[in-house]
Structures are given as structure tokens and as C-alpha cells.
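Please read the structure below before turning to the comments.
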Amino acid sequence: MSEEVKVDTFEAASSGASKTFPAQCSSLRKGGFVVIKGFPCKIVDMSTSKTGKHGHAKIHMVGIDIFTNKKYEDLSPSTHNMDVPNVGRVEYQVLDISDDGFVSLMLPDGSTKNDLKLPPDEEIANGLKEAFDAGHDINVTVLSALETEQIISFKAAEAK
């Protein structure tokens, strides 16, 4: 009678860091970040309504999506929790810009990152291409939240 031993296998492992964390609605502030309708937003306006006869004070929030600049609104009781996205901002050096719009970036350990496209903002995208074509050393700032990454700005150094 042999006993079969079951071994759990894990296909992927993560650091355990969450994409969001909860925060009480009343603790959020203008200029902070919040998830509204599933999108990471920067809070641009907040107003509080008075408590009703049997209810809670409500907070009306207006946020701008940090990637698309679309406006979203939400109304929530002040005592309820809302998700706040973990927003990261990292700077990388540009190695190459491909014809199909993908940007090749150098990571701090020397490896490359090739999965980011030029930003949807035409002004930044064209400025980045012009600086790269002119032979400048370029550093880009990449904003990340909720498994989305996007180039939001760049700095060009003197020509090589």
C-alpha cells in the first residue's frame, strides 16, 4: 500500500505586492490617486455633501485618468473604502525606436525592455523621435499603475 504524495506546483510567482490598496474615502485628497470605474485617476476635484437624516456624508470625486486624460466621476459614502493604485515612476535610457513605434529601453541591470510603445500624446512622441534621430542620449519617464505602463515624458542630453 503505497501512499501517493501530492506536490503543489506553482507556474508563476509574484512578489505579493498588490496593484491597489484600500483607503477610506474621507482620507483621500485632491492631487492624490484613486481607482474610479477601474481606471487609475488623479483626483482633481472633491466635494462633500452633508449627512442625510439616516445616511452618511457623501463625497463626490472627479478624477482624470493618468494614462488617457479622460475624466471620471464617482460618488461614495465618506466612510467606505476606495482602491488607491500603486503608482510607480521609473526613468530608463532609450536604446532604439523601431519603425512600428516600439521603444527599446535599458533597465538598471543592463537588460532591455522592448514592450512599450511611443506615447499616444503626439507632442511627446514626435519630440522623442526627433531627439533620437538627432543622436541625443534620451531618458524617458515611465508611469505604471494597474499593470499598465506608459512613457509620460523624456529628457534629451547633448548629441553624442
Supply the atom-to-atom distance [X] [atom1] to [Y] [atom2], rounded to the nearest 0.5 angstrom.
X: Glu130; Y: Ile138; atom1: CD; atom2: CD1; result: 10.5 Å
X: Asp45; Y: Lys71; atom1: CG; atom2: NZ; result: 8.5 Å
X: Ser153; Y: Ile124; atom1: OG; atom2: CD1; result: 6.5 Å
X: Lys113; Y: Leu95; atom1: NZ; atom2: CG; result: 12.5 Å
X: Leu118; Y: Phe132; atom1: CG; atom2: CZ; result: 10.5 Å
X: Ile43; Y: Phe33; atom1: CD1; atom2: CZ; result: 9.5 Å

Any sub-3.5 Å donor-acceptor pair from [X]'s side-chain atoms to [Y]'s backbone N or O?
X: Ser49; Y: Lys58; result: yes
X: Ser27; Y: Gln24; result: yes
X: Ser144; Y: Thr148; result: no

Testing the basics here: between [X] and [Y], what is the closest heavy-atom pair and its distance to 0.1 Å?
X: Pro77; Y: Cys25; result: O-CB, 3.6 Å
X: Tyr92; Y: Met106; result: CD2-O, 3.5 Å
X: Gly127; Y: Phe154; result: C-CZ, 3.4 Å

Presence of salt bridge, Glu122 and Lys129, under 4.0 angstrom
no
Any ion pair linking Glu73 and Lys37 (charged N to carboxylate O, less than 4.0 Å)?
no
Answer with yes or no whether the hydrophobic clustering places [X] together with [Y]; edges join I, L, V, M, F, W, Y residues whose side-chain heavy atoms lie under 4.5 Å apart.
X: Ile64; Y: Val62; result: yes
X: Leu128; Y: Leu143; result: no
X: Leu28; Y: Ile59; result: yes
X: Phe21; Y: Val87; result: no
X: Val44; Y: Val35; result: no

Take Asp109 and Ser111 through the side-chain hydrogen bond (donor to acceptor under 3.5 Å, both in side chains) test and state the conclusion after the steps.
CA-CA 6 Å; Asp109 65 359; Ser111 60; 2.6 Å; yes
Regarding Ser98 and Asp100, do their side chains bring together a donor and an acceptor under 3.5 Å, going by distance alone?
yes
